[in-house]
Amino acid sequence: MSSIVLLSGGLDSTVSLSQALREGEVKLCITFNYGQRAALKEIEAAENIAAFYKLKHKTIRLPFLEEITDTSLVNIKSDVPEPSLEELEQQDKIIESTKNVWVPNRNGLFINIAAAFAEAINSSRVITGFNLEEAKAFPDNSREFLISCNKALMFSTL
(Lines give C-alpha, C1' and ligand atoms only; values in the text may rest on other atoms or scores of the structure.)
Protein backbone atom coordinates (compact mmCIF):
# COMPACT_ATOMS: atom_id res chain seq x y z
CA MET A 1 0.00 0.00 0.00
CA SER A 2 1.44 3.36 -0.99
CA SER A 3 1.11 6.63 0.91
CA ILE A 4 1.63 10.35 0.86
CA VAL A 5 2.69 11.72 4.24
CA LEU A 6 1.94 15.18 5.60
CA LEU A 7 5.32 15.89 7.18
CA SER A 8 5.70 18.97 9.38
CA GLY A 9 9.11 17.92 10.65
CA GLY A 10 7.75 17.43 14.16
CA LEU A 11 7.57 14.32 16.28
CA ASP A 12 3.97 13.32 15.46
CA SER A 13 4.34 13.41 11.69
CA THR A 14 7.76 11.75 11.84
CA VAL A 15 6.36 8.85 13.85
CA SER A 16 3.49 8.58 11.36
CA LEU A 17 6.00 8.54 8.50
CA SER A 18 7.95 5.76 10.17
CA GLN A 19 4.78 3.70 10.61
CA ALA A 20 3.77 4.30 6.99
CA LEU A 21 7.17 3.03 5.86
CA ARG A 22 6.70 -0.15 7.91
CA GLU A 23 3.31 -0.71 6.28
CA GLY A 24 4.27 0.00 2.68
CA GLU A 25 5.73 2.49 0.26
CA VAL A 26 5.79 6.25 0.82
CA LYS A 27 5.70 8.00 -2.55
CA LEU A 28 5.85 11.60 -1.36
CA CYS A 29 6.18 13.75 1.76
CA ILE A 30 4.42 17.11 1.72
CA THR A 31 5.11 20.10 3.96
CA PHE A 32 2.98 23.24 3.90
CA ASN A 33 4.15 26.81 4.26
CA TYR A 34 1.25 29.08 5.15
CA GLY A 35 3.37 31.85 6.61
CA GLN A 36 3.71 30.23 10.03
CA ARG A 37 6.52 31.54 12.20
CA ALA A 38 8.24 28.16 12.30
CA ALA A 39 7.96 27.57 8.53
CA LEU A 40 11.68 27.61 7.75
CA LYS A 41 12.51 25.29 10.66
CA GLU A 42 9.62 22.97 9.79
CA ILE A 43 10.60 22.81 6.12
CA GLU A 44 14.26 22.21 6.91
CA ALA A 45 13.40 19.45 9.40
CA ALA A 46 10.96 17.81 6.97
CA GLU A 47 13.50 17.96 4.14
CA ASN A 48 16.14 16.37 6.37
CA ILE A 49 13.78 13.61 7.50
CA ALA A 50 12.69 12.87 3.93
CA ALA A 51 16.33 12.84 2.79
CA PHE A 52 17.24 10.44 5.62
CA TYR A 53 14.63 7.99 4.31
CA LYS A 54 15.51 8.81 0.67
CA LEU A 55 11.98 10.02 -0.06
CA LYS A 56 10.65 12.69 -2.38
CA HIS A 57 9.63 15.86 -0.57
CA LYS A 58 7.55 18.80 -1.73
CA THR A 59 6.80 22.08 0.02
CA ILE A 60 3.52 23.71 -0.93
CA ARG A 61 2.98 27.40 -0.23
CA LEU A 62 -0.49 28.53 0.88
CA PRO A 63 -0.10 32.31 1.32
CA PHE A 64 -3.83 32.96 1.47
CA LEU A 65 -4.02 31.23 4.87
CA GLU A 66 -1.72 33.89 6.27
CA GLU A 67 -3.97 36.55 4.75
CA ILE A 68 -7.21 35.27 6.28
CA THR A 69 -6.07 34.72 9.85
CA ASP A 70 -4.60 36.83 12.59
CA THR A 71 -3.46 33.83 14.60
CA SER A 72 -0.27 34.05 16.61
CA LEU A 73 1.13 31.25 14.44
CA VAL A 74 1.53 33.80 11.64
CA ASN A 75 1.20 37.19 13.35
CA ILE A 76 4.53 38.15 14.90
CA LYS A 77 2.81 40.88 16.92
CA SER A 78 0.88 38.25 18.90
CA ASP A 79 2.47 36.01 21.48
CA VAL A 80 2.20 32.28 20.92
CA PRO A 81 0.44 30.90 24.00
CA GLU A 82 2.46 28.71 26.33
CA PRO A 83 -0.11 27.36 28.78
CA SER A 84 1.10 25.67 31.94
CA LEU A 85 0.24 22.04 32.68
CA GLU A 86 -2.31 23.31 35.16
CA GLU A 87 -3.97 25.51 32.53
CA LEU A 88 -4.15 22.58 30.10
CA GLU A 89 -6.61 20.98 32.51
CA GLN A 90 -8.92 24.03 32.44
CA GLN A 91 -11.41 24.00 29.57
CA ASP A 92 -11.68 27.81 29.38
CA LYS A 93 -7.87 28.12 29.10
CA ILE A 94 -7.79 25.44 26.40
CA ILE A 95 -10.44 27.30 24.38
CA GLU A 96 -8.59 30.61 24.78
CA SER A 97 -5.28 29.07 23.71
CA THR A 98 -6.91 27.25 20.77
CA LYS A 99 -8.47 30.46 19.43
CA ASN A 100 -5.07 32.15 19.56
CA VAL A 101 -3.47 29.57 17.24
CA TRP A 102 -6.42 28.47 15.09
CA VAL A 103 -5.98 28.61 11.31
CA PRO A 104 -9.30 28.20 9.46
CA ASN A 105 -9.66 24.75 7.88
CA ARG A 106 -5.89 24.22 7.85
CA ASN A 107 -5.92 20.46 8.30
CA GLY A 108 -8.90 20.06 5.98
CA LEU A 109 -7.00 21.89 3.25
CA PHE A 110 -3.82 19.90 3.89
CA ILE A 111 -5.65 16.58 3.62
CA ASN A 112 -7.53 17.58 0.46
CA ILE A 113 -4.39 18.84 -1.28
CA ALA A 114 -2.53 15.68 -0.32
CA ALA A 115 -5.45 13.59 -1.58
CA ALA A 116 -5.22 15.32 -4.97
CA PHE A 117 -1.52 14.46 -5.15
CA ALA A 118 -2.24 10.92 -4.00
CA GLU A 119 -4.77 10.38 -6.75
CA ALA A 120 -2.46 11.93 -9.36
CA ILE A 121 0.42 9.56 -8.50
CA ASN A 122 -1.78 6.52 -7.84
CA SER A 123 -1.24 6.40 -4.09
CA SER A 124 -3.95 4.99 -1.87
CA ARG A 125 -3.42 6.72 1.48
CA VAL A 126 -2.77 10.12 3.02
CA ILE A 127 -0.98 9.87 6.35
CA THR A 128 -1.24 12.65 8.94
CA GLY A 129 0.54 13.30 12.21
CA PHE A 130 -2.42 14.13 14.44
CA ASN A 131 -2.55 13.04 18.05
CA LEU A 132 -5.29 12.38 20.56
CA GLU A 133 -4.02 14.97 23.03
CA GLU A 134 -4.38 17.83 20.54
CA ALA A 135 -7.80 16.55 19.48
CA LYS A 136 -9.15 17.75 22.85
CA ALA A 137 -8.55 21.34 21.76
CA PHE A 138 -8.49 21.08 17.97
CA PRO A 139 -11.47 19.29 16.40
CA ASP A 140 -9.54 18.91 13.13
CA ASN A 141 -7.15 16.53 14.91
CA SER A 142 -9.86 14.17 16.12
CA ARG A 143 -10.71 10.65 15.03
CA GLU A 144 -14.18 11.89 14.05
CA PHE A 145 -12.64 14.50 11.76
CA LEU A 146 -10.50 11.88 10.02
CA ILE A 147 -13.47 9.53 9.60
CA SER A 148 -15.45 12.39 8.05
CA CYS A 149 -12.55 13.30 5.74
CA ASN A 150 -12.29 9.71 4.56
CA LYS A 151 -16.03 9.70 3.77
CA ALA A 152 -15.81 12.99 1.88
CA LEU A 153 -12.75 11.85 -0.08
CA MET A 154 -14.74 8.86 -1.37
CA PHE A 155 -16.78 11.44 -3.34
CA SER A 156 -13.94 13.73 -4.42
CA THR A 157 -11.38 11.13 -5.53
CA LEU A 158 -11.59 8.10 -7.78
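For clarity, every value in this text was computed on a predicted model and none was experimentally measured.
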Q.
According to a hydrophobic-cluster definition based on side-chain heavy atoms being under 4.5 Å apart (Ile, Leu, Val, Met, Phe, Trp, Tyr only), do Ile49 and Phe130 belong together?
A. no
- Query: Under 3.5 Å, is there a donor-acceptor pair between the side chain of Ser123 and the main chain of Ser3?
  - Reply: yes
Report task. Mind telling me whether Trp102 and Phe138 have parallel, tilted or perpendicular rings, with 30° and 60° as the class edges? Result -> parallel
Using the rule given for side-chain contact (heavy atoms from CB on, under 4.5 Å), can you reason through Glu66 versus Arg61, listing the C-alpha separation, both sets of side-chain angles and the distance that settles it, and then say yes or no?
CA-CA 10 Å; Glu66 183 178 8; Arg61 181 106 169 86; 4.0 Å; yes
Exactly one of Thr31, Val26, Val126 clears side-chain contact (heavy atoms from CB on, under 4.5 Å) with Val5, and that residue is Val26
Margin query: Do Leu62 and Ile113 make a side-chain contact, defined as non-hydrogen atoms from C-beta onward lying under 4.5 Å apart?
Written below: yes
Residues 139-158 vs ring-ring contact (aromatic ring centres under 6.0 Å, His included), sequence neighbours excluded, gives none
inquiry  = Whether the side chain of Lys27 engages the backbone of Asn122 through a donor-acceptor N/O pair (distance < 3.5 Å, no angle test) should be reported.
reply    = yes
Enclosure of Glu134 CD (heavy-atom neighbours >12, cutoff 6.0 Å)
yes
Across all chains, not counting sequence neighbours, the salt bridge (charged side-chain N to carboxylate O under 4.0 Å, His left out) partners of Arg125 are Glu23
Closest heavy-atom pair, Asp12 versus Gly129, reported as atoms and distance to 0.1 Å, is CB-O, 2.9 Å
Original post:
Under a single-linkage definition using a 4.5 Å side-chain heavy-atom cutoff for Ile, Leu, Val, Met, Phe, Trp and Tyr, are Tyr53 and Ile127 assigned to the same hydrophobic cluster?
Top reply: yes
Check your understanding: Is Val15 linked to Leu17 within one hydrophobic cluster, defined over Ile, Leu, Val, Met, Phe, Trp and Tyr using a side-chain heavy-atom separation of less than 4.5 Å?
Key -> no
So if you build clusters from Ile, Leu, Val, Met, Phe, Trp, Tyr with side-chain heavy-atom gaps below 4.5 Å, do Leu109 and Leu6 land together? yes
Which is it for Leu55 and Leu7 under the side-chain contact (heavy atoms from CB on, under 4.5 Å) test, yes or no, and what are the steps along the way? CA-CA 11 Å; Leu55 299 170; Leu7 185 62; over 6 Å; no
ask   = Would Leu40 and Asn33 count as a side-chain contact (heavy atoms from CB on, under 4.5 Å) if you check the C-alpha gap in whole Å, the side-chain angles of each, and the deciding distance to 0.1 Å?
value = CA-CA 8 Å; Leu40 296 179; Asn33 179 348; 5.5 Å; no
Start with the C-alpha gap between Thr157 and Met154, add the side-chain angles, then the distance that decides, and say whether side-chain contact (heavy atoms from CB on, under 4.5 Å) holds. CA-CA 6 Å; Thr157 59; Met154 290 189 310; 6.0 Å; no
Contacts of Leu28 meeting side chain to side chain contact (heavy atoms under 4.5 Å, CB included) (sequence neighbours excluded), chain-then-number -> Ile4, Ile30, Lys56, Lys58, Phe117, Ile121
Next on the checklist: Using a 6.0 Å cut-off, check whether atom CD1 of Ile147 has over 12 heavy atoms from anything other than its own residue.
Outcome noted: yes
Exercise. When you measure from the side chain of Thr69 to the backbone N and O of Leu65, does any donor-acceptor pair fall under 3.5 Å?
Worked result: no
Heavy atoms of His57 and Ala50 approach each other most closely as CB-CB, 3.7 Å
* Measure from the side-chain N and O atoms of Ser142 to the backbone N and O of Ala135, and report whether any donor-acceptor pair falls under 3.5 Å. => no
Starting from Val74, can I reach Ile68 by hopping between I/L/V/M/F/W/Y residues whose side chains sit under 4.5 Å apart? yes
So, Ser13 side chain and Ser8 main chain: donor-acceptor pair closer than 3.5 Å or not? yes
Verify, without hydrogens or angle tests, whether Asn107 (side chain) and Asp140 (backbone) share a donor-acceptor contact under 3.5 angstrom. yes
(message) Under a 3.5 Å distance rule, please check whether Ser18 uses its side chain to pair with a backbone N or O of Thr14 as donor and acceptor.
(response) no
Please confirm whether the backbone N or O of Gly10 pairs with a side-chain atom of Glu42, one donor and one acceptor, at under 3.5 Å?
no
